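Just below is one structure, and these are the notes that go with it.
Numbering of ligands and ligand atoms starts at 1, following listing order. Only a predicted model underlies this, so the values are computations on that prediction, with no experimental measurement involved.
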Amino acid sequence: MIALLLFSALLWDQAAAWGFKDGVLHNSIWLERAAGVYHRESRSGKYRLTYAEAKAVCEYEGGHLATYQQLEAARKIGFHVCAAGWMAKGRVGYPIVKAGANCGFGKTGIVDYGIRLNRSERWDAYCYNPNGKECGGVFTDSKHVFKSPGYPNEYENEQICYWHIRVRYGQRIQLQFLEFDVEEDTACLADFLEVYDSYDDINGFVGRFCGDELPDDIISTGNVMTLKFLSDASVTAGGFQIRYSTLDTASSRNSSAPGKNNFLSGKFGIM
Ligand SMILES: *[C@@H]1O[C@H](CO)[C@@H](O)[C@H](O)[C@H]1NC(C)=O
Ligand SMILES: *[C@@H]1O[C@H](CO)[C@@H](O)[C@H](O)[C@H]1NC(C)=O
Ligand SMILES: [Ca+2]
């Protein structure tokens, strides 16, 4: 325990970039989930969230910090994560299904660090959002079609999805919008799809899309791309299907087919 805390103290020292951009709280991808519970770490790494930040992340994504009971219910159906996170009421712990020497002190159950007096400590977060649908993920295939959660049905309120695409170094990613229908408002503040020409949702912002007009194709400058979909608490729409495919750098440099494609300026080989 003491060793673990010392180790965490080292990690705390590196606490960094996390927070608001354009008035919106930006956060990490979510990793595993069960029974409405999911584990979140900061995009900048493990153990970077204060209690207030952890709470804000879960609420921004339409849920709240999981209670001990919700985490235990998830654990009972196989939710196993080797990382301590904030729960409701300032509690910290993590769910262990399979005993192992490296994690959980060889026990199973919720490894419980108790209610923390110091809410400035930095851990991950366990959020609970019973309405969140399975969506997003990390993709490395050379082509794939993404769909909004629940497609072809309308997406639901309070969803958040991240799709990270990483293809072979030297390749570019071409997004082609097959279907697109997202609640429309002038600044796309309610529901939106954002595209980033990078492996996170901070750098390389390309655009924010809503409404029912098909966006033009988008081609990455490097071999990575991130898509983020968020829906707010009311009004849904038909959703979207987006195909990505890969282009070799040489052929994508060949500008014999200019026009429709939004070629992006920028560096090659982000990552
Ligand atoms: C609370 O935790 C933070 C982060 O580890 C630390 O910097 C701070 O000194 C702690 N405060 C107290 C009162 O222990
Ligand atoms: C570019 O495209 C043209 C026509 O499609 C082709 O003739 C040419 O060889 C290509 N150049 C490169 C560098 O791929
Ligand atoms: Ca909406």
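Not a single N, O or S atom of A233, from either the backbone or the side chain, sits less than 3.0 Å from the Ca ion (ligand 3).
The nearest non-hydrogen atom to atom 6 (C) of ligand 1, considering only T50, L117, N118, comes from N118.
Within D232, the N, O or S atom at minimum distance from the Ca ion (ligand 3) carries the name OD1.
Considering OH of Y155 and CZ of F240, their distance stands at 8.5 Å, rounded to 0.5 Å.
Judged by the 6.0 Å and 45° rule, R122 forms no cation-pi pair with Y47.
Considering backbone and side-chain atoms alike, S120 places every N or O at 3.5 Å or more from each N or O of ligand 1.
S234 contributes O and D191 contributes OD1; the angle these two atoms make at the Ca ion (ligand 3) is 150°, rounded to 10°. Rounded to 10°, the angle formed at the Ca ion (ligand 3) by OE1 of E183 and O of V235 is 90°.
Outside the 6.0 Å centre-distance limit, the rings of F192 and F229 are not counted as a close aromatic pair. Annotation: Y94 is not in aromatic contact with Y126 [ring centroid separation under 6.0 Å not met].
Remark: K46 does not engage D124 in a salt bridge, criterion side-chain N to carboxylate O under 4.0 Å.
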